[in-house]
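Read through the structure below, which is laid out as structure tokens, and then see the notes.
Throughout, protein chains are lettered first and strands after them, A, B, ... in sequence-line order, and every chain is numbered starting at 1.
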Amino acid sequence: MDELDAIRITFFQECDELLADLESGLLAQQRGAGDAETVNAVFRAVHSIKGGAGVFGFDGLVRFAHLFEAVLEGLRSEKLEPTPDLVSLLLGAHDELIDHVTAARTGRVQDLRRLSGVSVRLAEIVDRLKVAALDASPEAATAPERDDFDFDFTPLAASLEPLPAPPLTAPAPPAPLGWTIAFRPLAELYRKANEPAVLLRELARLGEARAVLDLSDLPSLQALDPEDGYLAWTIDVAGDIEKAQVAEVFEFVEGDCDLVISPMGQAAPAAAAPEPQFASEPQAELPIAPPPVKIAPPPLLTLVEPEPAPPPHVEPEPPRAVQSESAQPESPPAEAPVQTPPPQSVIRVDPERVDRLVDLVGELVISQVMLAQKVQEAGLPPSSGLVAGLEELEQLTREIQDGVMAIRAQQVRAVFQRMPRLVREVAALTGKQARLVTDGEATEVDRTVIERLAEPLTHMIRNAIDHGLETPEERAALGKSPEGVIRLSAQHRGARIVIEVSDDGRGIDRRRVLSTAVARGLVAADAQLDDEAIDNLIFLPGFSTASAVSDISGRGVGMDVVRRSVQALGGRIAIASVPGRGATITLSLPLTLAVLDGMQVEVCGQTLVAPLAAIVESVRPRPEDVRRIGSGAVLAVRDSFIPLVDVGVVLGFRDRPINPADGIVLLVETDDGGRVALVADEIHGQRQVVIKSLESNYGQVAGISAATIMGDGRIALIIDIDAVISMRNRPAPAPLLAAE
Amino acid sequence: MSPLTESSDAKEAGQRELITFRVGAQEFCVDIMAVREIRGWTPATPLPQQPAYMRGVINLRGVVLPIMDLAGRLGLEMVEPTVRHVIIVVRAGERTIGMMVDAVSDILAVDPAAIQPTPDVACDTVKAFITGIITLDSRMISEIALDRLLPSREQIAA
């Protein structure tokens with residue numbers, strides 16, 4: 001990755017944040033909760049995106065942001081009224097800005113509608129503003145902008161003066177007087193036979209250079225490793241120089257040194273005795289100075305970067321992540337008040353690094369268990385220091401694991417914030433009025449879960465608006481507010497996260513659901529089903545109530561797909577509905593996909609792990625409790641008969657079931673609320689296991705959800721209980737070999 | 001390591017380096033660039049309802065590594081694995097797998113032009129899994145098509 005790519009990535013990360021700020025600001029405005037500061041914040045968000053986009057030459061994005069900004073400027077200077085119409089136009093503009101950013105990110109600019117309704121309407125408003133500005137000539141100087149679509153931002157930069165924040169935003173600052181370069185060669189640089197003095201000399205040729213040597217890392221002679229690097233320099237190069245020229249000097253040592261290039265006067269280089277060494281003729285070139293973008297050379301600086309101020313970005317409000325309501329009641333009060341405002345307590349870390357850490361901690365847990373097992377086999381007395389030490393190690397290992405998982409936890413906000421747009425779009429497409437109310441956005445869940453939440457939630461919300469909500473006219477006739485409310489909430493419940501999507505619409509039409517299910521042969525015509533059972537029919541594969549498949553919910557995706565994707569996450573889904581009052585769909589998901597509480601069982605000499613969440617109880621059946629029915633068998637538990645399923649047979653480990661009375665039975669709950677008794681040979685107790693994907697190097701194996709590594713270093717498979725149950729009725733599949 | 005020392009003599013001469021190994025009485029090879037490591041046989045955890053040539057999965061430093069019995073995959077006679085068997089860990093398409101073979105023979109540097117197209121024999125497995133043939137003295141060595149070796153994800157899930 002070259003430097004520009006790194007900056008580009010940072011730019012898009014910031015775009016995401018800015019877009020979220022923009023949306024929340026506009027939504028506040030829509031609720032009537034906005035004030036002058038809200039408008040300012042919204043304006044700054046668009047402005048920052050435009051500034052950054054200009055740097056990278058994303059012309060389409062710049063043009064659109066420019067229009068958007070001009071209208072916001074009108075709002076800010078109170079030339080425009082924040083009418084509901086205007087605010088909803090601005091929300092639409094926000095949505096389109098996302099598309100522009102996405103197009104810039106993916107390079108698929110051709111996907112954009114060239115002249116969308118939104119941009120036409122924005123342009124109209126800008127035109128009107130211009131006319132008004134001309135009429136009131138004294139104001140003309142600060143009028144939002146001419147429509148020339150060039151990248152001349154200066155008038156706007158000037159109008160930023162009343163802002164409370166320092167005008168860091170100015171996208172075209174005065175040409176820097178030069179560059180301050182913090183340069184710390186690493187051992188690798190020397191190993192590749194590079195010579196810092198040559199680089200310094202090279203720098204001096206760019207302009208007048210002043211290098212200051214930093215010896216603070218130099219150890220005593222005994223501790224000195226002659227092959228390591230201990231020296232660092234801070235070099236000021238004065239003159240009208242392009243940053244790229246400076247970067248070019250370091251091109252061949254990139255990655256082998258810590259390097260920060262910042263405009264002169266902005267960095268705070270470590271003070272040391274000045275030691276002027278180089279001087280030379282300044283270059284007589286007049287390039288355009290790029291904005292002060294900080295270069296983060298990968299990979300050395302990306303990890304703990306205390307949020308420099310990369311592309312134009314103003315952030316007057318307190319840092320974002322600290323505002324999380326519950327996570328941290330108070331951020332640790334500035335332990336190192338080095339930075340000027342605001343105290344930044346959020347670090348950006350490449351998610352892959354955290355994933356790697358999670359994996360490593362998983363390995364650590366396994367090693368620790370292996371060690372404990374070996375010690376146990378050695379038969380040491382429990383009083384020995386070794387055993388006590390191991391217990392301590394186990395405790396620490398668990399704590400590290402919890403800590404690492406906490407790092408990777410994310411707030412569901414990341415997914416929730418994509419939903420307002422969805423609600424707006426679906427409502428517009430269906431001619432309904434809907435408002436999204438969210439709750440519990442700060443609820444944290446592992447990143448692995450977050451990533452896979454968006455899809456089911458999207459379907460659920462689409463369904464709620466499309467099928468759940470009535471049209472405004474119907475609602476008015478029913479005495480409801482014409483605007484329907486979609487409620488999206490998240491909360492922790494035990495070791496799970498519960499997410500609810502509810503609407504205040506018509507609820508499930510049970511008669512229609514039942515007749516559809518009967519018509520599709522999903523239930524018998526004479527079946528007696530209670531209300532709850534009927535509601536749950538919508539999750540059956542092959543069920544779709546929309547008689548005319550609508551464009552919105554009916555993209556061939558029914559609730560059965562939602563249920564399947566939720567189950568794939570180890571979750572459960574349920575629906576509750578009150579006719580005329582609305583429906584609520586509840587998802588319950590594990591907090592992480594990295595570890596699992598499981599029951600270790602043995603089948604045909606193989607160790608398998610069954611997810612504990614699905615197990616109701618485990619019993620050792622008495623011979624008289626096992627009854628034969630035809631070729632099958634059931635287990636009498638209290639006053640009910642539960643079908644027995646031999647795990648070994650279903651998985652193809654053996655041909656004939658064992659006598660359940662010789663083994664152990666796990667009672668598990670199925671999705672339709674029924675129970676099944678899984679027969680295994682032996683049970684070895686419960687334990688937490690680290691989930692390892694079987695798919696990354698092989699594929700999805702029927703009946704198996706994943707793998708894990710046991711204390712002896714061998715792999716054990718994790719049973720997919722629902723799959724095993726549904727497989728029991730199928731004849732054992734022919735071996736794959738024949739298929740080829 | 002500087003880029004210069006990394007490129008071997010064989011590469012400079014435009015040659016390919018191949019690792020050759022034995023399965024039964026036949027000799028096969030794969031490009032050395034695809035080989036991650038070579039290790040001894042360790043018992044694998046069997047996967048349910050997979051073809052017989054899939055011996056199961058082992059733990060390779062925290063990664064779940066599927067083990068394929070190359071003899072079985074190529075339609076040759078399969079024998080019970082012993083400690084003398086060798087697992088060659090290779091990158092096959094997007095997946096990393098272990099191929100169980102009888103023994104690793106040597107490393108060859110071969111001119112790509114010396115690799116002959118697969119002869120049109122009636123055997124389907126040969127057509128499916130052999131990309132070319134190298135003759136060396138009196139030896140005949142078949143190059144394995146790694147990307148076709150594993151069943152597709154769809155076939156596995158079926």
Side-chain angles (χ1 to χ4, degrees), chain A residues 188 191-193 356 359-367 370 603-608 647-654 690-704 706-710 712-717 719-720 723-724 727 730 732-740, chain B residues 1-6 36 42-69 71-75 78 89-99 123-125 127-129 146 148-158:
Chain A
E188 194 59 23
R191 204 162 292 145
K192 291 182 183 167
R356 175 86 189 112
D359 285 349
L360 281 175
V361 172
E363 300 307 304
L364 183 63
V365 171
I366 291 162
S367 305
M370 277 163 79
V603 177
C604 297
Q606 297 299 320
T607 302
L608 297 172
V647 176
V649 173
V650 170
L651 294 182
F653 289 155
R654 58 180 159 226
V690 177
I691 298 177
K692 296 279 177 184
S693 163
L694 206 53
E695 280 171 69
S696 53
N697 279 330
Y698 192 56
Q700 203 175 8
V701 175
I704 300 299
T708 188
I709 297 169
M710 303 309 288
D712 60 3
R714 290 196 59 174
I715 289 185
L717 302 175
I719 306 175
D720 181 342
V724 165
M727 279 159 68
R730 275 196 278 159
L736 246 177
L737 203 53
E740 294 175 41
Chain B
M1 205 192 297
S2 91
L4 258 179
T5 54
E6 197 178 76
R36 293 286 172 271
T42 38
T45 301
L47 292 171
Q49 302 185 349
Q50 298 302 306
Y53 61 76
M54 288 310 304
R55 289 280 179 185
V57 283
I58 64 165
N59 166 20
L60 181 72
R61 288 185 297 280
V63 173
V64 179
L65 186 78
I67 302 298
M68 170 183 287
D69 188 325
R73 184 51 161 167
L74 298 174
M78 284 207 285
V89 181
V90 290
R91 193 82 185 144
E94 287 178 343
R95 297 176 279 188
T96 302
I97 60 165
M99 295 190 303
C123 176
D124 281 341
T125 37
K127 281 182 198 149
F129 304 125
L146 284 175
R148 280 178 244 152
L149 216 48
L150 263 189
S152 73
R153 290 173 201 274
E154 293 73 34
Q155 281 172 329
I156 294 166

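Side-chain contact between B/V64 and A/S693: absent, with no pair of heavy atoms (C-beta onward) separated by less than 4.5 Å. Between B/T45 and A/L717, the closest side-chain pair of non-hydrogen atoms falls below 4.5 Å.
A distance of 9.5 Å separates CG in B/L47 from CD in A/Q606, rounded to the nearest 0.5 Å. The distance from atom OG1 of B/T96 to atom CG of A/N697, rounded to the nearest 0.5 Å, is 4.5 Å. Once rounded to the nearest 0.5 Å, the distance linking CE of A/M710 with CG of B/N59 reads 11.5 Å.
Only the backbone of B/I58 comes within contact range of chain A, judged by heavy atoms closer than 4.5 Å. Heavy atoms closer than 4.5 Å to chain A are found in the backbone of B/A44, but not in its side chain. Residue contact with chain B, scored on non-hydrogen atoms closer than 4.5 Å, involves the side chain of A/I709 exclusively.
Between B/P48 and A/A702, the shortest heavy-atom distance links the atoms CG-O, 4.4 Å. In plain terms, the two heavy atoms of A/Y698 and B/P151 that are nearest each other are OH-CG, 4.2 Å.
With a 6.0 Å radius and a threshold of 12 heavy atoms from other residues, nucleotides or ligands, B/R36 has its CZ atom above the threshold.
Contacts with chain B were tallied for A/A707, A/G713, A/S696; A/S696 has the most, counting heavy-atom pairs under 4.5 Å.
The backbone N or O of A/V650 lies less than 3.5 Å from a partner atom in the side chain of B/Q49, making a donor-acceptor pair.
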